[in-house]
Protein chains: 2
Amino acid sequence: MIMNNFRMTPQRRIILEELKKTRKHPTADEVYHSVRKKLPDISMGTVYRNLEILTKQEEVQVIRNGGKKKRYDGNSTKHFHIKCTNCGRIDDLPENLVGLIKKNITVDCGYEITGYSLVLYGLCPDCKKKLGGK
Amino acid sequence: MIMNNFRMTPQRRIILEELKKTRKHPTADEVYHSVRKKLPDISMGTVYRNLEILTKQEEVQVIRNGGKKKRYDGNSTKHFHIKCTNCGRIDDLPENLVGLIKKNITVDCGYEITGYSLVLYGLCPDCKKKLGGK
DNA sequence: TATCAATTAGTATTAGTTACTATTACTAAT
DNA sequence: ATTAGTAATAGTAACTAATACTAATTGATA
């Protein structure tokens, strides 16, 4: 019998715990280092694999923020982020922000906003056709 | 005497031309291949360097779109993009889109929208302090 | 408790990008 | 025109984040 179940291993559990208890949106490498304090023998591959699995399970979300490293967010509810162009730090933003952006891109959240980018995801007309029967 | 001027070399000019005349938002590799039709000996490094320089000069903008490849856009005016989650293709969106997104994420542009992400850029409070005197 | 896919640590590989190196081309001031 | 100094180039090496591979181990289920 094929089991498509995921196991909750100690490694996976601790990776998730670390992500849930921080608001720092760490990179895979940062997760690796914080988890290693509790599991000194964990490997980078395990961290990457579990981050991917937890993302699929929607326990975690990935932030692709314009830099080359992915960042991971233990808060899986839909929300927006703001990134510091100097240090790369990422903070959460309240959900009503889109409206504020529309008029003037000025938000009183301590940041000095210099820009923003928006990317939608979806299927283009061609792919919709191709995948139509799926 | 230090000259901080950029030269408009044939390589740079043709790279820019190729970007201006397409709406396909090509990757560095795609730029390389289309430019090579006119300059068969151009090297990948030259393409990357010039894309970077043209971006600094704001002739071109970079699209970091959630994949690992950067894409380049010869249209340097502020606008938004939509990316196909299947084929990676990126199209332009009209600027009034942010408002539309706010209510319901349904846009009649042929795409089937499955999600979107928004990232603001700016200086966080800490960095503002650090760089205050600059 | 026997089974067997899922998971693991460790390592090798990949892919995109950037850095380096020796050479050539351009620019501005003699 | 010649020189001096910088920018740019082709080609290649190096880097880095992420993924793939491998043999051994784990742990949920029958």
Side-chain angles (χ1 to χ4, degrees), chain A residues 1-19 25-57 59-73 83 88 90, chain B residues 1-19 25-57 59-73 83 88 90:
Chain A
M1 182 204 273
I2 296 166
M3 293 186 297
N4 265 333
N5 300 331
F6 293 109
R7 293 181 193 160
M8 184 48 73
T9 62
Q11 290 89 338
R12 187 165 301 159
R13 184 174 48 74
I14 288 176
I15 287 170
L16 186 54
E17 278 172 15
E18 292 294 312
L19 279 171
H25 313 86
T27 61
D29 189 63
E30 287 163 353
V31 172
Y32 171 68
H33 282 100
S34 67
V35 170
R36 243 159 64 99
K37 289 174 191 162
K38 296 184 177 172
L39 298 173
D41 292 334
I42 196 169
S43 81
M44 203 60 214
T46 299
V47 172
Y48 273 109
R49 186 169 10 78
N50 279 300
L51 288 172
E52 197 190 334
I53 289 168
L54 290 167
T55 302
K56 269 187 195 138
Q57 293 178 310
E59 295 281 350
V60 162
Q61 59 183 310
V62 181
I63 311 171
R64 273 283 193 178
N65 55 68
K68 65 166 101 172
K69 293 183 189 177
K70 290 179 184 172
R71 290 179 171 272
Y72 296 88
D73 188 341
K83 182 190 184 187
I90 292 181
Chain B
M1 183 204 275
I2 296 165
M3 294 187 295
N4 265 332
N5 299 332
F6 293 110
R7 293 180 193 161
M8 183 49 75
T9 62
Q11 289 89 340
R12 186 165 302 159
R13 183 174 48 76
I14 289 176
I15 288 170
L16 184 54
E17 277 172 17
E18 291 296 311
L19 279 171
H25 311 86
T27 61
D29 190 61
E30 287 162 354
V31 172
Y32 171 68
H33 281 99
S34 67
V35 169
R36 243 159 64 99
K37 289 173 189 162
K38 296 184 176 172
L39 299 173
D41 292 334
I42 196 169
S43 80
M44 203 60 214
T46 299
V47 172
Y48 272 111
R49 187 170 9 80
N50 280 300
L51 288 172
E52 198 190 333
I53 288 168
L54 289 167
T55 302
K56 269 187 197 139
Q57 293 177 310
E59 294 282 349
V60 163
Q61 59 184 311
V62 181
I63 311 171
R64 273 280 193 181
N65 54 67
K68 64 167 99 172
K69 293 183 190 176
K70 289 179 183 174
R71 289 178 171 274
Y72 296 88
D73 188 342
K83 182 190 182 186
I90 291 181

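Each chain gets a letter, A, B and so on, in the order the sequences are listed, and its residues count up from 1. Heavy atoms only: backbone and side chains are in, while hydrogens, waters and symmetry mates are out.
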What distance do [X] atom [atom1] and [Y] atom [atom2] have between them, rounded to the nearest 0.5 Å?
{"X": "A:M44", "Y": "A:R36", "atom1": "CE", "atom2": "CZ", "value": "10.0 Å"}
{"X": "A:Q57", "Y": "A:M8", "atom1": "CD", "atom2": "CE", "value": "6.5 Å"}
{"X": "A:I14", "Y": "A:S34", "atom1": "CD1", "atom2": "OG", "value": "10.0 Å"}

Using side-chain heavy atoms (C-beta onward) and a distance below 4.5 Å, is [X] in contact with [Y]?
{"X": "B:I53", "Y": "B:K56", "answer": "no"}
{"X": "A:Y72", "Y": "A:V62", "answer": "yes"}
{"X": "A:I42", "Y": "A:I15", "answer": "yes"}
{"X": "B:V35", "Y": "B:Q11", "answer": "no"}

Checklist entry - Hey, is the side chain of A:K70 poking within less than 4.0 Å of OP1 or OP2 on D:dT19, counting only N and O atoms? => result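 Result: yes.
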Checklist entry - At under 4.0 Å, does any side-chain N or O of B:Y48 touch on OP1 or OP2 of C:dT17? => result yes
Checklist entry - Can you tell me the Watson-Crick or wobble partner of C:dT30, both distances under 3.5 angstrom? => result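 Looking at the geometry, C:dT30 pairs with D:dA1.
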How long is the line joining [atom1] of [X] and [atom2] of [N], in whole Å?
{"X": "B:D29", "N": "C:dT18", "atom1": "CG", "atom2": "P", "result": "14 Å"}
{"X": "A:K56", "N": "C:dA6", "atom1": "NZ", "atom2": "C1'", "result": "13 Å"}
{"X": "A:E30", "N": "D:dA18", "atom1": "CD", "atom2": "P", "result": "11 Å"}
{"X": "A:R13", "N": "D:dG27", "atom1": "CZ", "atom2": "P", "result": "11 Å"}
{"X": "B:I14", "N": "D:dA10", "atom1": "CD1", "atom2": "C1'", "result": "16 Å"}
{"X": "A:Y32", "N": "D:dT16", "atom1": "OH", "atom2": "P", "result": "16 Å"}

Checklist entry - For the base of C:dA6, is there a side-chain donor-acceptor partner from A:R7 under 3.5 Å away? => result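 Indeed there is one.
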Write down the protein N/O and nucleotide N/O pairs, taken from nucleotides 8-10 of chain C, whose separation is under 3.5 Å; answer none if there are no such pairs.
| unit_1 | atom_1 | unit_2 | atom_2 | d |
| --- | --- | --- | --- | --- |
| C:dT8 | OP1 | A:T9 | OG1 | 2.5 |
| C:dT8 | OP2 | A:R49 | NH1 | 2.5 |
| C:dT8 | OP2 | A:N50 | ND2 | 3.2 |
| C:dT8 | O3' | A:Q11 | NE2 | 2.9 |
| C:dA9 | OP1 | A:Q11 | NE2 | 3.4 |
| C:dA9 | OP2 | A:S43 | N | 3.4 |
| C:dA9 | OP2 | A:T46 | OG1 | 2.3 |
| C:dG10 | OP2 | A:D41 | O | 3.3 |

Next on the checklist: Heavy-atom nearest nucleotide on DNA chain C for B:M8 versus B:A28: which residue maps closer to 5'?
Outcome noted: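 This one resolves to B:A28.
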Checklist entry - Where the side chain of B:K68 is defined as all heavy atoms beyond and including C-beta, which of C:dG16, D:dA7, D:dA17 is the nearest nucleotide? => result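 Of C:dG16, D:dA7, D:dA17, C:dG16 is nearest to the side chain of B:K68.
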